[in-house]
Amino acid sequence: MARIALCLPSLRSHAAVHGVLARALAARGHAVSLVGSAPLAPLARAEGVAWAGLGGGPEPDLRGAGLARTLWATAAATRAWVAHGPETLARLTPDLVIADQAEPGASLAAEAAGLPRATLAAALPMDRDMAIPPPFVDWPWLDGAAGARRNRGGWRVADALLLLQRRALAQGCRDHGLPLRTLLSDWIAPDLDLRQLVPALDFPHDLPPGAAPVGPLRDGGQGTLDGDPGDARPIVFASLGTLQGGRRGLMSAIAAAAEGLGVRLLLAHAGGLTEAQARALPGAPEVRALWPQRAVLARAAACITHAGLNTALDCVAARVPMVAIPLAFEQPATAARLAHHGLARVVPPRRADPATIRAALVEALSGAMRPRFDAPARALADAGGAPRAVALVEALLARPATTGRAA
C-alpha cells in the first residue's frame with residue numbers, strides 16, 4: 001500500500017484531526033506518519049501514530065499568545081518547513097503528502113521535493129474569495145458589491161499582517177526554484193483539499209477546485225460521562241480549547257454566570273488551572289483538565305465555547321446551542337458563521353462578564369435555537385467524515401503519478 005506523510009503544526013486540535021485520518025488510512029493498510037517539529041511527537045504518540053521529526057528548533061508555545069507573538073511564531077514555523085521540509089520529505093519518500101492548510105510551508109516543501117500532495121483544512125479554510133471575509137475576522141455576512149469592497153480591504157490588511165510569513169514563502173520559492181507564490185491560498189492543493197467545514201455552516205460562496213468538504217474527522221473513541229444518573233439538571237459544557245483554556249478570569253466569569261441557574265456546569269481548563277484555582281471558582285462547577293467532549297455534548301443542553309472549529313462541529317452534530325466567546329486565531333470568524341446560521345449567541349471577550357454570559361446562556365438554554373440545527377447537522381452527517389476522506393485520498397493515489405510542482 002502507500003506511504004503517506006501528514007504534515008501539520010504542533011497543535012493538539014490539529015493533531016486530533018490528522019490522527020483520525022491517519023488511523024483510518026492505517027486501517028486500510030497504508031503506512032502513515034505525522035511530520036512536524038519536536039512538540040508534535042507526544043501529540044502523535046497520544047494519537048497512536050508514528051512521528052517523523054522536522055529539522056530545526058521547536059515551534060514556539062502559542063498558549064495565550066497575542067497577535068504579535070502569533071504572527072512571529074507563524075512565520076518562524078513556515079521558515080522551518082521551507083528550510084528543512086524538502087529534505088525531510090525526500091528522506092521519507094512518501095507516495096503522498098497531506099499538508100495542513102494552516103502551514104503553507106509544508107505544501108511548499110512537498111512541491112520542492114517533487115512529491116504529490118493534498119491539503120487538509122482542520123480549521124477554517126483559507127479560501128481567498130472576495131465574496132467572504134478573511135478567516136481571521138469577526139465580520140458578519142455582507143452580500144454584493146459593498147461586501148466585496150469590504151472583504152478586499154480586509155485581505156489587504158491580512159496580507160500586511162502576514163508579511164513575515166509571506167517573506168518566508170517567497171524565500172522558499174526562490175531557494176527551491178518554484179514559481180513565486182506568497183499567499184496562503186496559493187498553497188491549497190488543486191487536486192484534493194479535504195476540509196472539515198461544510199457549506200451549510202459557511203458563508204455563501206463558491207468552493208475552489210479540489211475542495212472536498214468531508215465534515216468532522218472523528219472516530220469511535222469518545223469516552224463516557226459519569227455522574228449521578230438521578231441528577232436531572234441540564235448540563236452546560238464549558239471549554240475554551242487547548243491553547244486558551246487556562247484564562248482564569250474568564251473561567252471565573254463563566255462559573256459565576258452559571259451559578260443559580262440550576263444547571264450542572266462541566267468545565268474543561270486544558271491544564272491551565274491549578275487544583276486550588278479550580279476549587280476557588282464560583283458556584284459548584286465540575287472541573288477537569290479535559291472531558292470526553294462528544295460524550296458530554298451528547299447529553300448537554302448548551303455549550304460555552306471559544307468557537308474553535310472542532311468544538312463547534314461537535315456541538316452542531318449533537319444539536320447543542322452555543323455561547324461563543326472567540327478568543328484568537330480563526331475563532332472570531334467561526335463565531336460569525338455560527339451566528340449567521342443562528343446556532344450561537346456571540347459574546348465578545350471584552351464584554352464577557354458574568355451578567356452578559358448569563359443572558360446569552362439563558363437564551364441558549366431556552367431551546368429557541370435547536371430547530372436551526374436540523375439542516376446543518378444533517379449536512380455534517382451526510383458529508384462522509386473519515387471514511388469519505390480515505391476514499392478520496394485513495395482515489396488520488398490511484399491517479400497517474402504527478403508531483404505537486406506548479407507549471
Sequence neighbours excluded - side chain to side chain donor-acceptor pair (under 3.5 Å) pairs with any residue from residues 375-390: none
Taking only residues two or more places apart in sequence or in another chain, which ones pass side chain to side chain donor-acceptor pair (under 3.5 Å) with [X]?
X    : value
S252 : none
D193 : Q101, T119, R195
R233 : D231
D206 : none

Donor-acceptor contact present, side-chain [X] to main-chain [Y], <3.5 Å:
X    : Y    : value
H269 : G271 : yes
W51  : G36  : yes
H176 : V82  : yes
R372 : G342 : yes
T356 : A352 : no
R288 : L267 : no
Q331 : A328 : yes
T78  : T74  : yes
S33  : V35  : no

Tell me which pairs pass salt bridge (charged side-chain N to carboxylate O under 4.0 Å, His left out) where either residue lies in [range], with sequence neighbours left out.
range            : value
residues 335-357 : D202-R337, R345-E363
residues 72-82   : none
residues 303-319 : R218-D314, R319-D374
residues 147-167 : R128-D159

In Å and rounded to the nearest 0.5 Å, what is the [atom1] to [atom2] distance from [X] to [Y]?
X    : Y    : atom1 : atom2 : value
I235 : E286 : CD1   : CD    : 8.0 Å
L178 : C173 : CG    : SG    : 5.5 Å
L297 : R299 : CG    : CZ    : 12.0 Å
D219 : L217 : CG    : CG    : 9.5 Å
L54  : T88  : CG    : OG1   : 5.0 Å
D100 : H14  : CG    : NE2   : 5.5 Å

Would you mind writing out the side-chain donor-acceptor pairs for residues 135-148 within the sub-3.5 Å range, not counting sequence neighbours?
none

Residue R370 excluded, over 12 heavy atoms near CZ under 6.0 Å: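 More than 12 heavy atoms, drawn from other residues, nucleotides or ligands, come within 6.0 Å of this atom.
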Would you say CD of E87 has more than 12 non-hydrogen atoms from neighbouring residues, nucleotides or ligands within 6.0 angstrom? no
What heavy-atom pair brings [X] and [Y] nearest, and what distance separates the two atoms?
X    : Y    : answer
H30  : A2   : ND1-N, 3.1 Å
V97  : P94  : CG2-CG, 3.9 Å
V346 : A339 : CG2-CB, 3.9 Å
E330 : A123 : OE2-CB, 3.5 Å
E47  : G19  : OE1-CA, 3.8 Å
L89  : A106 : CD1-O, 4.4 Å

If you define the side chain from C-beta out and look only at heavy atoms, does anything of [X] sit under 4.5 Å from [Y]?
X    : Y    : result
L120 : L8   : no
S107 : W81  : no
I254 : R358 : no
V236 : L266 : no
L164 : L71  : no
R3   : L92  : no
L162 : L184 : yes
I98  : R117 : no

For L343 and L201, what are the C-alpha separation, side-chain angles and deciding distance, and is it a side-chain contact (heavy atoms from CB on, under 4.5 Å)? CA-CA 10 Å; L343 308 177; L201 287 171; 3.5 Å; yes
Side chain to side chain donor-acceptor pair (under 3.5 Å) evaluation trace for S37 with S10: CA-CA 7 Å; S37 62; S10 301; 3.0 Å; yes
Show the numbers, then the answer: is there a side-chain contact (heavy atoms from CB on, under 4.5 Å) between T274 and Q277? CA-CA 5 Å; T274 66; Q277 289 169 339; 3.2 Å; yes
Who passes side chain to side chain contact (heavy atoms under 4.5 Å, CB included) against E259, sequence neighbours left out? P282
Can you name the residues that form a side chain to side chain contact (heavy atoms under 4.5 Å, CB included) with P285, not counting sequence neighbours?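 A255, L265, L281, V287.
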Could you walk me through whether D95 and I4 pass the side-chain contact (heavy atoms from CB on, under 4.5 Å) test, one step at a time? CA-CA 6 Å; D95 300 295; I4 302 173; 5.8 Å; no
If you apply the rule side-chain contact (heavy atoms from CB on, under 4.5 Å), what do you find for T311 with C315, and how did you get there? CA-CA 6 Å; T311 302; C315 284; 4.3 Å; yes
Would you kindly check if the NZ (Lys) or CZ (Arg) of R181 is within the cone defined by 45 degrees around the ring axis of W187 and under 6.0 Å from the six-membered ring centre? yes
Side-chain donor-acceptor pair present, Q196, N310, cut-off under 3.5 Å: yes
